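In what follows, a structure is listed as structure tokens, so that the remarks can point back to it.
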Amino acid sequence: MTASGPVLRIAYLYPDLMNLYADRGNVTCLERRCAWRGITPEIQRLEWNDRLVEAADLYVIGGGQDRQQQLASQGLTTRNADRILSDLADGAAMLAVCGGYQLMAHRYRAADGSEVQGLGVFDAETIHPGSHVPRCIGNVVCDWNESRIVGFENHGGRTYLGPDATPLAQVVRGHGNNAEDGTEGAVAGNAIGTYLHGSVLPKNPHLADHIIKAALVRSAPEFELGPLDDSAEWAAHRGALRAAGLR
Ligand code: GLN
């Protein structure tokens with residue numbers, strides 16, 4: 001705890017390797033929304049060959065092409081699985097987007113048929129049907145937590161949730177996990193997986209604060225997130241709703 005407020009330890013996984021569609025904006029959003037409330041964000045960047053040395057309150061990983069995912073999978077499963085899984089089991093939070101989400105499920109069968117091993121945070125698996133099958137691309141609107149979250153998606157893989165998985169949201173517009181069952185993303189404890197790029201957090205301030213609160217639950221459970229002027233964020237949210245043909 002610093003003089004003004006708690007410290008939030010963010011482990012940013014593979015920022016250069018897994019950063020499709022400006023997903024790094026999620027870390028910037030978290031950093032700013034913490035700092036505006038007197039929370040001190042401490043960012044630990046994990047590059048490809050690194051091993052995590054510190055525990056984290058929040059893990060963030062963005063999207064990536066199949067090749068980058070194969071590289072990230074090696075670093076995750078051979079050097080960092082124990083640290084990440086033990087922190088998550090202890091209540092740490094996670095935001096895993098698209099390719100990063102796929103790597104936090106059991107496995108990803110890539111477009112070329114190769115198997116990419118995941119960490120099994122989510123009871124799910126992803127199958128890419130092959131590059132001849134149209135990708136899931138477009139604006140997405142979902143019902144989440146009695147509100148809506150918005151973003152856009154661009155993935156070939158279709159994610160299927162297992163019996164122990166909980167979907168993050170229900171699709172209102174777009175494809176979501178697999179364009180078949182109406183689910184989007186997954187939740188396991190305080191870990192969230194989603195296909196929403198955008199980046200997703202700046203235009204969904206309620207989701208960003210939900211994640212920050214979850215990440216603080218161990219170190220500062222009583223800390224209240226004060227209100228922010230989110231007029232620009234909600235304007236962007238409404239713009240995304242319009243882009244998806246909704247009000
Ligand atoms: N390569 C994965 C797929 O095509 C993930 C893509 C992404 O992260 N946008 O499904």
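Side chains included, hydrogens not; waters and symmetry mates left out as well; all remaining heavy atoms used. All ligand and atom numbering here is 1-based and tracks the order in the structure. These figures come from a predicted structure and were not determined experimentally.
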**Prompt:** What protein heavy atom is closest to atom 7 (C) of ligand 1, reported as residue, atom name and distance in Å?
**Reply:** Cys98 SG, 2.9 Å
**Message:** Show the atoms of ligand 1 that are less than 4.0 angstrom away from any heavy atom in Gly63.
**Reply:** 8 (O)
**Request:** If the plane angle is over 60° it's perpendicular, under 30° parallel, otherwise tilted; pick one for Tyr195 and His155.
**Result:** parallel
**Asked** What about Arg135: any of its N or O atoms under 3.5 Å from an N or O on ligand 1?
**Response** yes
**Request:** Measure from atom 5 (C) of ligand 1 to every heavy atom in Gly62, Ala110, Gly157, Gly64 and give the option owning the shortest one.
**Result:** Gly64
**Complete:** Closest heavy-atom pair, Glu153 versus His175, reported as atoms and distance to 0.1 Å, is OE2-N, 2.6 Å
**Prompt:** Tyr108 heavy atoms, cut-off 4.0 Å: which ligand 1 atoms fall inside?
**Reply:** 1 (N), 2 (C), 3 (C), 4 (O), 10 (O)
**Prompt:** What are the atoms of ligand 1, with element, lying closer than 4.0 Å to any heavy atom of Tyr21?
**Reply:** 9 (N)
**Request:** Give the contacting part of His197 toward ligand 1: side chain, backbone, both or neither, where contact means a heavy-atom distance below 4.0 Å.
**Result:** side chain
**Message:** List ligand 1 atoms under 4.0 Å from Leu20, heavy atoms only on the residue side.
**Reply:** 7 (C), 8 (O), 9 (N)
**Item:** Sequence-distant partners of His106, ring-ring contact (aromatic ring centres under 6.0 Å, His included), two or more places apart
**Value:** none
**Request:** Under 4.0 Å from a heavy atom of Gln65: give me the atoms of ligand 1 that qualify, with their elements.
**Result:** 1 (N)
**Request:** Tell me which part of Asp66 gets within contact of ligand 1: side chain, backbone, both or neither, using heavy atoms under 4.0 Å.
**Result:** both
**Prompt:** Looking only at distance, does Gly99 have an N or O less than 3.5 Å from an N or O of ligand 1?
**Reply:** yes
**Asked** So which heavy atom in the protein is nearest atom 2 (C) of ligand 1, and how far is it from that ligand atom?
**Response** Gln69 OE1, 3.1 Å
**Request:** For Asn178 and Thr159, indicate whether the former's side chain and the latter's backbone hold a donor-acceptor pair under 3.5 Å.
**Result:** yes
**Request:** Determine, stepwise, if the pair Asp230 / His206 fulfils side-chain contact (heavy atoms from CB on, under 4.5 Å).
**Result:** CA-CA 10 Å; Asp230 284 334; His206 52 328; over 6 Å; no
**Item:** Short N or O distance, His155 and ligand 1, threshold 3.5 Å exclusive
**Value:** no
**For atom 4 (O) of ligand 1, the protein heavy atom that lies nearest, with its residue and separation** = Gly156 N, 3.0 Å
**Any donor-acceptor pair under 3.5 Å from Asn154 side chain to Ile137 backbone** = no
**Item:** Structural part of Asn154 in contact with ligand 1, heavy atom criterion under 4.0 angstrom
**Value:** backbone
**Asked** Can you tell me if Asn80 uses its side chain to pair, donor with acceptor, with the backbone of Asp50 under 3.5 Å?
**Response** yes
**Prompt:** Under a single-linkage definition using a 4.5 Å side-chain heavy-atom cutoff for Ile, Leu, Val, Met, Phe, Trp and Tyr, are Ile61 and Leu95 assigned to the same hydrophobic cluster?
**Reply:** no
**Request:** Would you confirm whether Arg173, through its side chain, and Val141, through its main-chain N or O, come within 3.5 Å as a donor-acceptor pair?
**Result:** no
**Message:** With a 4.5 Å cut-off on side-chain heavy atoms, are Thr77 and Leu119 touching?
**Reply:** yes
